[in-house]
Undergrad: 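Mind looking over this structure? Questions follow.
Counting begins at 1 with the first residue of the sequence.
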Amino acid sequence: MTDNLFTSVAFTGHRTYDGRADGALRQIVAACHSRGARMFFSGMAVGFDMAAAEAVLACRAMLPGTRLVAVVPFEGQQTRFSPVDKARFERIVAAADETVVLSAGYHRGVYAVRNDFLVDHAGSLIAWFDGSPGGTHYTVRRALRLGRRIDNLCSAGPAFPLPAPTLF
């Protein structure tokens, strides 16, 4: 994996995501591509993460050079999913350009490790964040601290200012 913060985007969002922004997801993937993004990281959780991965896969044929990296927090994560979500997870991983598994098994803090990986490897974040506490809140706060651009597709959630440009 050769990621570059200027050409990499990560996704974060709630497991309760209901699909209402699927069209907007495809549009923002295309907009990120037009700004130079080529590498898209999904944390592969149920809900927004997998919807975002599917949006990247749907756009990949039309957007040259687009790559999906499935970032799996621990080996066997999908065994905790419903049968439908497990099959969806396995389809996405099979179609991804690369899969990164961060831990051989579950341990306390494994999801924070995954969220840190996403923010550390991407220059911007596409979120489905309604403002509620949890892993998405943690990821958004970390991205803000590191000066990442955040596009929040959840109309009920907060809007984030664009980061100030830097010369270096």
Undergrad: Do Tyr111 and Val71 sit in the same hydrophobic cluster, where Ile, Leu, Val, Met, Phe, Trp and Tyr count as joined when their side-chain heavy atoms come under 4.5 Å apart?
TA: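 Unlinked, Tyr111 and Val71 end up in two clusters.
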Undergrad: Check whether the ring centres of Phe129 and His137 lie less than 6.0 Å apart, and answer yes or no.
TA: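 That pair passes the under 6.0 Å test.
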Undergrad: One pair to check against side chain to side chain contact (heavy atoms under 4.5 Å, CB included): Trp128 and Thr136. What are the steps and the verdict?
TA: CA-CA 8 Å; Trp128 180 264; Thr136 300; over 6 Å; no
Undergrad: Between His121 and Phe41, what is the ring plane arrangement, given parallel below 30°, perpendicular above 60°, and tilted in between?
TA: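 Ring orientation of His121 relative to Phe41: tilted.
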Undergrad: Would you say Val101 ends up clustered with Phe81 if hydrophobic residues are merged whenever their side chains have heavy atoms under 4.5 Å apart, either directly or through other cluster members?
TA: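 Same hydrophobic cluster.
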Undergrad: Shortest non-hydrogen contact from Ile150 to Ala127?
TA: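 Answer, listing the atom of Ile150 first, then Ala127: CG2-CB, 4.3 Å.
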Undergrad: When you measure from the side chain of Ser8 to the backbone of Ala122, do you find a donor-acceptor pair of N or O atoms at a distance under 3.5 Å?
TA: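 Not confirmed, Ser8 side chain does not pair with Ala122 backbone.
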Undergrad: Measure the shortest side-chain to side-chain distance between Phe117 and Leu102 over non-hydrogen atoms and say whether it is less than 4.5 angstrom.
TA: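 Side chain of Phe117 against side chain of Leu102, heavy atoms only: contact under 4.5 Å found.
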Undergrad: Could you tell me the separation between the CG atom of Leu118 and the CZ atom of Arg148, rounded to the nearest 0.5 Å?
TA: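 Rounded to the nearest 0.5 Å, the CG-CZ separation comes to 11.5 Å.
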Undergrad: Using the side chain to side chain contact (heavy atoms under 4.5 Å, CB included) rule, take Val72 and Phe89 through it: C-alpha gap first, then chi angles, then the decisive distance, then the call.
TA: CA-CA 10 Å; Val72 179; Phe89 174 96; 3.9 Å; yes
Undergrad: Could you go through Arg15 and Asp49, starting from their C-alpha distance and side-chain angles, then the distance that decides it, and tell me whether this counts as salt bridge (Lys or Arg N to Asp or Glu O under 4.0 Å)?
TA: CA-CA 8 Å; Arg15 289 181 301 247; Asp49 288 7; over 6 Å; no
Undergrad: Give a yes/no verdict on a cation-pi contact between Arg80 and Tyr106, requiring under 6.0 Å between NZ or CZ and the six-membered ring centre and an angle within 45° of the axis.
TA: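 Ring-cation test returns yes.
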Undergrad: Do Val9 and Leu125 make a side-chain contact, defined as non-hydrogen atoms from C-beta onward lying under 4.5 Å apart?
TA: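 The answer is no, as the side chains (C-beta and beyond) never meet within the 4.5 Å cut-off.
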Undergrad: Any chance you could lay out the side chain to side chain contact (heavy atoms under 4.5 Å, CB included) test for Met44 and Thr99, step after step, and finish with the verdict?
TA: CA-CA 10 Å; Met44 297 304 294; Thr99 300; over 6 Å; no
Undergrad: Measuring from atom NE2 of His33 to atom CE of Met62, what distance do you get when rounded to the nearest 0.5 angstrom?
TA: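 One finds 10.5 Å between NE2 of His33 and CE of Met62.
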Undergrad: Is the shortest side-chain N to carboxylate O distance from Asp151 to Arg149 below 4.0 Å?
TA: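 Looking at Asp151 and Arg149, the cut-off is met.
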Undergrad: Below 4.5 Å, heavy atoms only, C-beta onward: do Asp97 and Val69 meet side chain to side chain?
TA: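 With C-beta onward as the side chain, the pair stays apart.
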Undergrad: Is Asp18 close to Phe48 at the side-chain level, that is, under 4.5 Å between some pair of heavy atoms?
TA: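 Not touching, per the 4.5 Å side-chain cut-off.
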Undergrad: Between Asp120 and Arg142, is the closest basic N to carboxylate O distance under 4.0 Å?
TA: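 Result for this pair is yes, salt bridge flagged.
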Undergrad: Does either side chain, that of Asp130 or that of Tyr17, offer a donor lying less than 3.5 Å from an acceptor on the other one?
TA: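 Note: Asp130 and Tyr17 side chains miss the donor-acceptor criterion.
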Undergrad: With clusters defined by side-chain heavy atoms of hydrophobic residues (ILVMFWY) lying less than 4.5 Å apart, directly or transitively, does Leu57 cluster with Val46?
TA: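 Both belong to a single hydrophobic cluster.
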Undergrad: Flag yes if Leu63 and Leu25 sit in one hydrophobic cluster, no otherwise; membership is Ile, Leu, Val, Met, Phe, Trp, Tyr, and two members link when side-chain heavy atoms are under 4.5 Å apart.
TA: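 Yes, Leu63 connects to Leu25 through the hydrophobic network.
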Undergrad: Ser42 versus Leu68: any side-chain heavy-atom pair under 4.5 Å?
TA: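 Yes, close enough: below the 4.5 Å cut-off.
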Undergrad: What's the spacing between Cys59 SG and Gln27 CD if we round to 0.5 Å?
TA: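 With rounding to 0.5 Å, SG (Cys59) is 9.5 Å from CD (Gln27).
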Undergrad: Is a side-chain donor or acceptor of Arg114 paired with a backbone partner of Gly43 at a separation under 3.5 angstrom?
TA: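 Yes, the answer is positive, given that a donor and an acceptor are paired below the 3.5 Å cut-off.
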Undergrad: Between Val140 and Leu144, is the side chain to side chain contact (heavy atoms under 4.5 Å, CB included) condition met? List the steps.
TA: CA-CA 6 Å; Val140 165; Leu144 285 170; 4.1 Å; yes
Undergrad: Does any part of the side chain of Ser132, heavy atoms only, come nearer than 4.5 Å to the side chain of His14, both counted from C-beta?
TA: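 Answer yes - side chains close enough.
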Undergrad: What heavy-atom pair brings Arg60 and Ala95 nearest, and what distance separates the two atoms?
TA: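 So the two residues come closest at NH1-O, 2.9 Å.
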Undergrad: Looking at side-chain heavy atoms only, is the closest gap between Asp116 and Tyr138 below 4.5 Å?
TA: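 Yes, their side chains come closer than 4.5 Å.
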Undergrad: Compare every heavy atom of Asn152 with every heavy atom of Pro158, then report the nearest pair and how far apart it is.
TA: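 Closest approach of Pro158 to Asn152: O-ND2, 2.9 Å.
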Undergrad: With a 4.5 Å cut-off on side-chain heavy-atom distances among I, L, V, M, F, W and Y, is there a chain of contacts connecting Ile92 to Val29?
TA: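 As far as the 4.5 Å side-chain criterion goes, Val29 and Ile92 are connected within one cluster.
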Undergrad: Of all heavy-atom pairs between Arg88 and Met50, which one has the smallest distance, and what is that distance?
TA: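 Shortest heavy-atom separation between Arg88 and Met50 comes out as NH2-C, 3.8 Å.
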Undergrad: Answer whether the closest heavy-atom distance between the side chains of Gln78 and Glu90 falls below 4.5 Å.
TA: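 Of all side-chain heavy-atom pairs linking Glu90 with Gln78, at least one is under 4.5 Å.
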Undergrad: Could you give the distance from NZ (Lys86) to CD (Gln77), rounded to the nearest 0.5 Å?
TA: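 Between Lys86 NZ and Gln77 CD, I get 12.5 Å after rounding to 0.5 Å.
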